[in-house]
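In what follows, a single structure is set out as structure tokens and then discussed.
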Amino acid sequence: MEIIDGKALAKNIRENLKKDVEQLKEKGVYPKLAVILVGNDKASQIYVKSKNKACTELGIDYEEVLLGENTTMKELLDIIDELNERKDISGILLQSPIPEGLDINEAFRRISPSKDVDGFNPVSMGKLCLNQDTFVSCTPYGIMKMFETYNIEIKGKHAVILGRSNIVGKPMALNLLNRDATITICHSKTKNLSEITKQADILISAIGKKNFVTADMVKPGAVVIDVGINRTEDGLFGDVDFENVKEKTSYITPVPGGVGPMTVAMLMNNVVKAAKQQQE
Ligand code: NDP
């Protein structure tokens, strides 16, 4: 059993990106991320802070647009239009969730595909579906990087994904399908879930329930990737009962220190990619 060290891997990626940013700056290209935060969601404030910190570390310029709880859809779309137009902005990220009553899909649709560093625009998702080069959403992209770095074989493997969100589950499935895995996606209406998970060579949990994946649900030798982030009074937990599951696996990600740091690193990767593409 090997524990996948997402923290170390992410650090490595960030160090390489830092060099890319320096080279771009020598050519007069200054990558810049704009983050839009609407409302007062506490978890979002933590995520935004970590994105700001990562940008600062890499020398990527950063701008935060803070909008109140009562922001209208028109105001939000106007801000996105403005950021789309601005030549100094390489990438735009709209932090989810946004307050009820605002349509996040309409907002994602408005972000220019050339600046869609989160990969949530339908154009980016459509290209992923067609296996064309695009901005891949950061969490699945980070997981694919983990597989690549640890030489984990995907081709022909049965990957079971728990969760079907547009942010994690669906793009995760498409990424793996594009790499020749056989895919099963499970969700809250799935019947006999543990019968399915027991068949997984690769099991990815993106549900948001502490200790949801228990040892009896895991095939011996499986690769287990824990996307879940569950904040409790006792600290941060994933979806997987890590202590009991880990001995059954060939590879497993911890929480914290697994998928989370990779997500931020891949966002930085996408901002640098956007800056390069816009320069070209
Ligand atoms: P969503 O709430 O959008 O999706 C959760 C999914 O889990 C849904 O598809 C839901 O099914 C499914 N689900 C819920 N309960 C069950 C159940 N009992 N059995 C099977 N499926 C179930 O969450 P996200 O995809 O946005 O995030 C998932 C988790 O990953 C969260 O903990 C989030 O915090 C974390 N996360 C972590 C990131 C990281 O960088 N590490 C990045 C993004 C998210 P249905 O569709 O039927 O409702």
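Note that these values count all heavy atoms, side chains included, but never hydrogens, waters or copies made by symmetry. Quick note: residue numbers are just sequence positions, from 1. Order of appearance sets the numbers: ligands from 1, and atoms from 1 within every ligand.
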Using atom types as modelled and distance alone, determine if a side-chain donor or acceptor of Y62 lies under 3.5 Å from a backbone N or O of A54. no

Please confirm whether I229 comes within less than 3.5 Å of ligand 1 when only nitrogen or oxygen atoms on both sides are compared. yes

Would G260 count as a contact residue for ligand 1, given that I'm defining contact as a non-hydrogen atom of the residue lying under 4.0 Å from a ligand atom? yes

Just which atoms of ligand 1 are under 4.0 Å from any heavy atom in K209? 14 (C), 15 (N), 16 (C), 18 (N)

N230 N/O to ligand 1 N/O under 3.5 Å: no

Closest non-hydrogen atoms of F108 and L94, given as atom of the first, atom of the second and distance, are CE2-O, 3.9 Å

Give me the nearest non-hydrogen protein atom to atom 43 (C) of ligand 1 as residue plus atom name, then the distance to 0.1 Å. V168 CG2, 3.7 Å

Nearest-contact summary for atom 46 (O) of ligand 1 - protein heavy atom, Å: R164 NE, 2.7 Å

Numbering as shown, the atoms of ligand 1 that approach G163 to under 4.0 Å (heavy-atom distance): 6 (C), 7 (O), 9 (O)

Salt bridge or not between K145 and E148? Use side-chain N to carboxylate O under 4.0 Å. yes

N or O pair under 3.5 Å between S165 and ligand 1: yes

Do N121 side-chain atoms and R109 backbone N/O form a donor-acceptor pair below 3.5 Å? yes

Could you give the distance from CG (L174) to OG (S137), rounded to the nearest 0.5 Å? 9.0 Å

Going by heavy-atom distance to atom 36 (N) of ligand 1, choose the closest among I225, I161, V227, I207. V227

Going by the atom numbers of ligand 1, which of them fall below 4.0 Å from some non-hydrogen atom of V259? 41 (N)

N-O pairing of K273 and D133 below 4.0 Å: yes

Can you confirm whether more than 12 heavy atoms, excluding those of Q132, are under 6.0 Å from its CD atom? yes

The atoms of ligand 1 lying under 4.0 Å from a heavy atom of T263, numbered in the order shown, are 39 (C), 40 (O)

Within 4.0 Å of some non-hydrogen atom of G208, the atoms of ligand 1 are 29 (C), 31 (C), 32 (O)

Hey, is K19 close enough to E15 for a salt bridge, meaning N to O under 4.0 Å? no

If you count the non-hydrogen atoms of other residues, nucleotides and ligands that lie under 6.0 Å from CZ in R179, is the total more than 12? no

In Å and rounded to the nearest 0.5 Å, what is the CG to NZ distance from D61 to K25? 5.5 Å

Of the protein's non-hydrogen atoms, which lies at the shortest distance from atom 48 (O) of ligand 1, and what is that distance? S188 OG, 3.6 Å

Are any of the heavy atoms in L162 under 4.0 Å away from ligand 1? no

May I ask you to identify the nearest protein heavy atom to atom 42 (C) of ligand 1, giving residue, atom name and distance to one decimal place in Å? T139 OG1, 3.2 Å

For atom 18 (N) of ligand 1, which protein heavy atom lies nearest, and how many Å away is it? F212 CE1, 3.4 Å

Verify the distance criterion only: is there a donor paired with an acceptor across the side chains of T214 and D216 at less than 3.5 Å? yes

Nearest non-hydrogen contact with atom 20 (C) of ligand 1 belongs to which option: H187, M172, K210? H187

